[in-house]
Student: 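Sharing a structure, written as structure tokens. Questions coming.
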Amino acid sequence: MKIIHKPDDLRCEIEKLKNAKDCSSGLVPTMGALHDGHLSLIKRCVNENNISIVSIFVNPTQFGPNEDYAKYPRTLEADSVLCEKAGVDIVFAPAPEDIYDEYYFKHKETTLICPPYDTVNKLCGKSRPGHFDGVCTIVGKLFNITKCNNAYFGQKDAQQLFIIKKMVNDLYFDLKIISCPIVREKDGLALSSRNTYLTPEARQTALNISQALFKAEELFNKGIKEADTLIDTVLAYIDKPGIEAEYAEIVSLETFEKINLLNEKAIMLVAAKVSSGSATVRLIDNIEL
Ligand code: AMP
């Protein structure tokens, strides 16, 4: 396995590997601090492609000014060991200066891929203005650098997945997006790199999020189809000392637009803020209904 930092070196290495045999390439974009959720994407990528690439990059343009860009966990050495064990061919771990030019660092602006307003001005995008512009921009760059045939994304970040599929469709990126199911801890907590911020008490409180979603699923399976009833149940369940729901919403899986009655495939999404010592940790989760 090779660890590569420069986009041009990555292009050369991929060309070299592709010339050796006619083959498919897969990409797993990540911000590192890899856990079993990431590894499920990585293993699938390794199984389904001749060349597998994992990118590890904490992308500055997708973080707001008061978010956790500086303190986001960076564990390249441990991540590389996990990738090597999983059979990855290339870890692409650029520095911000490898991905953004001097103009960006001087003016704090760059060419962006901006998804339509209505797809971003809700759910996570509402409290994170500019977040999905940053995500689409880095993912678009990675697609152009790697020219991968397949790219793997987790359903954990459901709004991101929807927006990236739309970007690929709108901009004619020539690749397939493969969505992978949410990986959870045994007790239900969705794996996230941000779980490392949680104290043991906060981790216990954070369990309310997945449990609230499972409760909604239970009610849905019993025949409750009104979105408001399911949303109220989830909000009431989450609302405990040390945790506050930012949103709970139900949207159509196909259009990502709000629905009132669950007569089509839907997804319920939650974001909540958990107090953890002196910090607040924002976590997201979702479930298909
Ligand atoms: P991140 O490093 O948080 O940007 O995540 C990189 C990719 O891993 C994204 O496509 C995420 O949706 C996916 N991912 C993160 N956590 C999980 C999880 N618990 N289960 C499945 N996929 C995940």
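These figures come from a predicted structure and were not determined experimentally. Atoms within each ligand, like the ligands themselves, are counted from 1 in listed order. Index from 1, following the sequence.
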Student: Could you pull out, from H38, M31, Q155, H35, the option with a heavy atom nearest to atom 5 (O) of ligand 1?
Tutor: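 It is H38 that holds the nearest heavy atom.
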Student: When you check the gap from the basic side-chain N to the acidic O, do E15 and R11 get nearer than 4.0 Å?
Tutor: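 No salt bridge links E15 with R11.
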Student: Check whether any heavy atom of P181 sits under 4.0 Å from an atom of ligand 1.
Tutor: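 Yes; P181 lies near enough to ligand 1 that a heavy-atom distance drops under 4.0 Å.
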Student: Are any of the N/O atoms in V183 less than 3.5 Å from those in ligand 1?
Tutor: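 Yes, at least one N or O pair falls under 3.5 Å.
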Student: For the side chain of D170 and the backbone of M167, is there at least one donor-acceptor N/O pair under 3.5 Å apart?
Tutor: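 No: the side chain of D170 does not pair with the backbone of M167.
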Student: Quick one: which ligand 1 atoms are inside 4.0 Å of a heavy atom on L41?
Tutor: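 Atoms satisfying the 4.0 Å criterion: 7 (C), 8 (O), 10 (O), 13 (C), 22 (N).
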Student: Taking 4.0 angstrom as the limit and counting only heavy atoms of F153, give me the atoms of ligand 1 inside it, by number and element.
Tutor: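 Ligand 1 atoms under the 4.0 Å threshold to F153: 10 (O).
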Student: Identify, by atom number and element, the atoms of ligand 1 in contact range of I182, meaning under 4.0 Å from any of its heavy atoms.
Tutor: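 Those of ligand 1 that fall under 4.0 Å from I182 are 20 (N), 21 (C).
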Student: Would you check whether C180 has a nitrogen or oxygen atom less than 3.5 angstrom from a nitrogen or oxygen atom of ligand 1?
Tutor: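 Not met; the criterion fails.
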Student: Which atoms of ligand 1 sit under 4.0 Å from any heavy atom of G154?
Tutor: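 That gives atoms 9 (C), 10 (O), 11 (C), 12 (O), 13 (C), 22 (N) of ligand 1.
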Student: Between D239 (side chain) and L235 (backbone), is there a donor-acceptor pair under 3.5 Å?
Tutor: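 No; zero donor-acceptor contacts below 3.5 Å.
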Student: For a side-chain hydrogen bond (donor to acceptor under 3.5 Å, both in side chains) with E67, tell me which candidate from R128, R282, H131 qualifies.
Tutor: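 Exactly one candidate clears the test, R128.
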Student: Side-chain contact test, heavy atoms from C-beta onward, threshold under 4.5 Å: evaluate it for L191 versus R184 and give yes or no.
Tutor: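 They are not in contact (no side-chain heavy atoms under 4.5 Å apart), so the answer is no.
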Student: Distance check, rounded to the nearest 0.5 Å: K6 atom NZ versus I99 atom CD1?
Tutor: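 So the gap between those two atoms works out to 10.0 Å.
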Student: Tell me if a side-chain donor or acceptor on D79 pairs with a main-chain N or O of A33 at a distance below 3.5 Å.
Tutor: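 Yes; at least one donor-acceptor contact below 3.5 Å.
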Student: Nearest heavy atom to atom 12 (O) of ligand 1: which of D157, V54, V58 does it belong to?
Tutor: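 Among D157, V54, V58, the closest heavy atom to atom 12 (O) of ligand 1 belongs to D157.
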Student: Taking N or O atoms only and a 3.5 Å limit, does K156 qualify as a polar contact for ligand 1?
Tutor: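 The answer is no, given that K156 and ligand 1 share no N or O pair closer than 3.5 Å.
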Student: Using a 4.0 Å cutoff against the non-hydrogen atoms of P29, which atoms of ligand 1 qualify?
Tutor: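 That gives atoms 6 (C), 7 (C) of ligand 1.
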Student: Within a distance under 4.0 Å of any heavy atom of L191, pick out the atoms of ligand 1 and give their elements.
Tutor: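 Within the 4.0 Å cut-off of L191, ligand 1 contributes 16 (N), 17 (C), 18 (C), 19 (N).
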Student: Which residue is it: N59, T137, T110? I am looking for the one with a side-chain hydrogen bond (donor to acceptor under 3.5 Å, both in side chains) to Y100.
Tutor: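 Result: among N59, T137, T110, N59 is the only option passing the side-chain hydrogen bond (donor to acceptor under 3.5 Å, both in side chains) with Y100.
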